[in-house]
Amino acid sequence: MEEILKKYKTTKLEGVNVWFKAAPVDAFPKDGGACVKYKDLQIAVFNFERLNTWYASQNLSPEKQEMVLSRGMIGDHNGIPMVACPLHKKTFSLETGENLNGDLEPIAIYPVKIENNIVYIGFSE
Amino acid sequence: MKTIVVIGNGMVGFKFCEKFVTKENLGNYKVIVFGEEPRPAYDRVHLSEFFENQNAKALELAPQSWYEENGIELITDTRITDIHRDKKTITSVNEKQYTYDYLVLATGSSAFVPPIKGVEKKGVFVYRTIEDLEDMLSYAAKLKVKNPNAKAAVLGGGLLGLEAGKAAMDMGLEPHIVEFAPKLMPRQLDSRSSQVLQLKLESIGLNIHLSKATNQILGDDGYITGMEFGEDDVLDVEMLIISAGIRPRDELGKTCNLEMGVRGGIVVNNKMQTSDPDIYAIGEVALYNQMIYGLVAPGYDMADVAANQILGQTETLMPDEIDMSTKLKLIGVDVASFGEPFMPASKGHSIIFENKTQHLYKRINVSLDGKSLLGGILVGDAADYNMLHQIYLNGMSIPEDPAQLILPASEGGTTFGDVTDLPDEAQICSCESVTKGQICNVIENGEATDVTGVVSYTKAGTGCGGCKPMVTDLTNATLKALGIEVKEGVCEHFDLSRQDLYKIIQVKGYTTFNEVLDNHGTGGHGCELCKPLVASLMASINADTANKEYAIQDSNDRFLANIQRNGTYSVVPRVPGGEITPDKLIALGQIAKKYDLYTKVTGGVRIDLFGATLNQLPLIWKELISHGFESGHAYGKSLRTVKTCVGSTWCRYGMDESVSFGIELENRYRGIRAPHKIKGGVSGCIRECAEARGKDFGLIAVEGGWNLYLGGNGGATPRHAELFAEQIDNETVIKYIDRYLMFYMRTAKPLQRTAAWQDRLEGGIEYLKEVIIEDKLGIAADLDEEMQSLVNKFECEWTQAVNDPEMMKRFNHFVNSEDEDDNLVFVPLREQKMPEPWK
Ligand SMILES: Cc1cc2nc3c(=O)[nH]c(=O)nc-3n(C[C@H](O)[C@H](O)[C@H](O)COP(=O)(O)OP(=O)(O)OC[C@H]3O[C@@H](n4cnc5c(N)ncnc54)[C@H](O)[C@@H]3O)c2cc1C
Ligand code: SF4
Ligand code: SF4
Ligand code: FES
């Protein structure tokens, strides 16, 4: 696997050691995504305003290794929240990272919490 | 190991291979196929489609790789010259020998060329292979340069001749059909129906000459100049297509002394065996029941019989009776005949319905006891053909008053018979021998859930395509019977079609995606299908720019630029009509240099600057706007460019100012969002330097105004635009295009280009004329007003964006840092740069 892909590992809530203060809620588009820089990582953060839920994933497309997922369209397929990569419309579950319309590697998913209108992303280190 | 050698890789030879490889226990067989043509077998039945796109690949029945994957050795471009029955070998043109255990002759037929004095002249063609068509096209193109009003004749007014006549017309030549008999399609039609058909064909521009025996072909310097029928009876033509019947290519059978028919053809029994039991003949070379069947369906049956026989399944035999029903496949002309079209009064009664002014003729022949349908002819409206044909084939009972079968509803006709009434063994697709039972089956056991699925599982409809409407009806009826709703919804979030959503948004005046989803959706968030669709609809209705609700826009619209391979963007300012001042060119160059952008002229003749990062986009646009540029909407499903030639402003042939008009049109429709991208073209004369006929709307200046062409496109399935109106002035052009685009925006499917939309519109271009010119639906005034309002509301969305600090925020790569994407790597390329190649 590409070096760069290895930098992104799914983090579960119980594995969070650092809550990184990313940006205020209104820095993110409603029902859309934006990208956050954390150390040398690029994290895509998605605001599902309609359900008042947030998700975060790697910004890296696992197919072509370009930093684009935060610019993809979000929505749901059969109730699974997903993002569609803007390059070739590959869709990924934001709950599990799984590729919903193909057999690409899953993307890494990170926990998000909102406190006092600030978005935090959870990392293990 | 036994070797089967197939000579001939045409439609039937291919079908033999296809049938053969589906059988079991093939390990003991090796199949070698020889084809004389330079390419693998293609769909000759749809040969005329080659005129539309000149795409030979699209006609291919299977690619070369298919043969390899199935263990078949295909040797194309190689004619077989001899069969040595004693040694069981064959010889090819290049003098190679091959041995066979079984030989299958599928050499088809060739066009019959009557021995008329002068037929060898240049400009005389037959209509059989792709090469024939290529030769015709290049000859016609040369003719037209010399004489734009050149004429072409077709010798033969049969099924194929009429198709060739239409082809001549599509090549831009004045078409003439010359028939020896006193009627058209003499094998299928009676004289009254022939007259009705003649009127109809004349109304679309085909000239018909009946009862004409051609004495000689006239010529000058070896080139055809006319046809002489009698003294003083001459038709001046510069091209001739001969379509006077077929002759079996039976020469191999003759030289190896197989039993032959008196007038040619290799005699076969109902096992498809020739007089030599190890040699089979199938398709148009085989003489079965003393007949050559010039249709593909019997040939396919023969292929199946031969494959079974060779493998020892000896009970599969060719039926005695072969259905010769046919339907002409000229667009806009409905002609069909089935069963026994002509009937002596001693055998049954005929019921005839005729309406000459509507070009309508229907005849059915009913048995003397009035209980069964024996055959019939339909001209002008063949909508009932499939059903009548089924009633005939399956011997189904008919109403007490059989006239009800063909009378229009207003005169007491009823829609008799429904696909669901057909018996299970009814053959729906005769080309692929697919029965009703098989179709219902794949739906009932869940293998197929829609027409596409049924077609791919059963192959029904993949031959002549004539059964497609019935396959669709049957599929929908079966789904309905199973309680499965036939879905038209745009995605899982909406059960509504695009057209329904258009109306709802227009009537209710919705302005946000959430309003539409909450009130008319099925819940959830929406997805990458419905969000951009609703965005596009709201834009088509309210002239909203993509800035309004940017998160529901397709990614390119969201950032007002086209995303490229590495996640950077390209920037394309509008250059209306392709006209640009030197100052603006310099400005473009300076900006490109400053931001180190890769620069290229696009296919739409504008200048594209590649490699801009998200953060750079607004900076670049600010500079462009200060030099008088605006968004080119290259990223949107909207008007791209109106390509122009230089026209009468400079060109010595120009008939009108194509550039001025192109600029006017581009500025009129800029920014308008549609189901898909739209392109225009304007040429100053028929030399067509702007390639306007390859565009959604195209104009060509002619004497007395503009010719307007609609519905063309390039791309994966190229299609020429169709002539819509001739010699109209600028104002009328704009009126028609306004209505056309607006009607398209209202009714097309998501992401459907005008070409595909127009193709699927019932009635096609003629219907569009009724709607747009004659205002048959009474909507023209609304269309005009809606378009004018969109034109008036135009605003450049990049100007909006760079003047609004809130909007500018969208273009930061990170929300929490000013940094740019650190993952970008460029490599040098011919004094410019490109993104590092993908691994
Ligand atoms: C324009 C057009 C429209 C038609 N429309 C219809 C329609 O609507 N409905 C319908 O049912 N039918 C239609 N037909 C007829 C249909 O195409 C034929 O019935 C069908 O193609 C016959 O198949 P075949 O394999 O017997 O012959 P072909 O398709 O002619 O194939 C024979 C092949 O064998 C090759 N061959 C010949 N001799 C040799 C040799 N010695 N060595 C090696 N190769 C050899 C030939 O080059 C050819 O490629 C149409 C035909 C044309 C031309
Ligand atoms: S289309 Fe006609 S007017 Fe236009 S450039 Fe070509 S030759 Fe000249
Ligand atoms: S033709 Fe294919 S490769 Fe070329 S620009 Fe279009 S999509 Fe890209
Ligand atoms: S009948 Fe010809 S394709 Fe079905």
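Only a predicted model underlies this, so the values are computations on that prediction, with no experimental measurement involved. Below, chain A is the first sequence line, B the second, and so on; all start at residue 1.
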Margin query: With a 4.0 Å cut-off on N to O distance, would you call A/K89 and A/E63 a salt bridge?
Written below: no
Next item on the list: Check each atom of B/F513 against the heavy atoms of chain A and say whether the ones under 4.5 Å are side chain, backbone, both or neither.
Entry: neither
Note to self: Tell me if the centroids of the rings in B/F494 and B/H520 come within less than 6.0 Å of each other.
What the structure shows: no
Next item on the list: Select one option (side chain, backbone, both, neither) describing which atoms of B/L529 are under 4.5 Å from chain A's heavy atoms.
Entry: neither
Item checked: A/N59 versus chain B, the contacting section by heavy-atom distance below 4.5 Å -> side chain
Item checked: Residue selection (most heavy-atom pairs with chain A, distance under 4.5 Å) from B/G523, B/S555, B/P532 -> B/S555
Margin query: Counting the benzene-type ring for Trp, do A/Y120 and A/F20 have ring centres under 6.0 Å apart?
Written below: no
Next item on the list: Heavy atoms only, distances under 4.5 angstrom: which of A/M73, A/M82, A/H88 has the most pairs with chain B? Name it, please.
Entry: A/M73
Next item on the list: Kindly indicate whether the side chain of B/V490, heavy atoms from C-beta on, has any atom under 4.5 Å from the side chain of B/L496.
Entry: no
Check: Using non-hydrogen atoms only, which part of A/K30 is less than 4.5 Å away from chain B: side chain, backbone, both, or neither?
Finding: backbone
Check: Does B/F811 have its ring centroid less than 6.0 Å away from the ring centroid of B/W798?
Finding: yes
Check: So what's closer than 4.5 Å to chain B heavy atoms on A/L60: side chain, backbone, both or neither?
Finding: side chain
Check: Contact part of B/Q564 toward chain A, heavy-atom cut-off under 4.5 Å: side chain, backbone, both or neither?
Finding: backbone
Checklist line | Interface moiety of B/R565 toward chain A, non-hydrogen atoms closer than 4.5 Å | finding: backbone
Item checked: Minimum heavy-atom distance A/F28-A/P24, with the two atoms named -> CD1-O, 3.6 Å
Check: Pick from A/G32, A/A34, A/G75: which one has the most heavy-atom pairs with chain B under 4.5 Å?
Finding: A/G75
Next item on the list: Begin from the C-alpha positions of B/T613 and B/E820 and carry the test side-chain hydrogen bond (donor to acceptor under 3.5 Å, both in side chains) through to its verdict.
Entry: CA-CA 8 Å; B/T613 62; B/E820 296 217 10; 2.8 Å; yes
Note to self: At a heavy-atom distance under 4.5 Å, which candidate from A/V83, A/D40, A/V36 has the highest pair count against chain B?
What the structure shows: A/V36
Next item on the list: Just do the side-chain hydrogen bond (donor to acceptor under 3.5 Å, both in side chains) check on A/H77 and B/E528 with the steps written out, would you?
Entry: CA-CA 10 Å; A/H77 275 307; B/E528 77 281 11; 3.1 Å; yes
Next item on the list: With a 4.5 Å cut-off on heavy-atom pairs, point out which of A/G33, A/A23, A/G79, A/P81 contacts chain B the most.
Entry: A/G33
Item checked: chain B interface, residue from A/S70, A/C35, A/P29, A/A22 that has the most non-hydrogen pairs under 4.5 Å -> A/C35
Check: Can you find a heavy atom in the side chain of B/E549 that is under 4.5 Å from one in the side chain of B/M538?
Finding: yes
Note to self: Please classify the contact between A/V68 and chain B as side chain, backbone, both or neither, with a heavy-atom cut-off of under 4.5 Å.
What the structure shows: side chain
Check: Is any side-chain heavy atom of B/C527 closer than 4.5 Å to a side-chain heavy atom of A/D76?
Finding: no
Margin query: How close do A/G122 and A/Y110 get, counting heavy atoms only, and between which atoms?
Written below: O-CD2, 3.7 Å
Check: Which bit of A/S61 is near chain B, if near means a heavy-atom gap under 4.5 Å: side chain, backbone, both or neither?
Finding: neither
Check: Which residue out of B/G567, B/S817, B/P835, B/C530 racks up the most heavy-atom pairs below 4.5 Å with chain A?
Finding: B/G567
Notebook entry, point to check: Of all of B/R810, B/Q553, B/K809, B/H493, which one pairs up most often with chain A through heavy atoms under 4.5 Å apart?
Noted result: B/H493
Check: So what's closer than 4.5 Å to chain B heavy atoms on A/A84: side chain, backbone, both or neither?
Finding: side chain
Checklist line | Sidechain N-carboxylate O distance under 4.0 Å for A/R50, B/D518 | finding: yes
Note to self: Which atoms of B/D554 are under 4.5 Å from chain A, going by heavy atoms: the side chain, the backbone, both sets, or neither?
What the structure shows: both
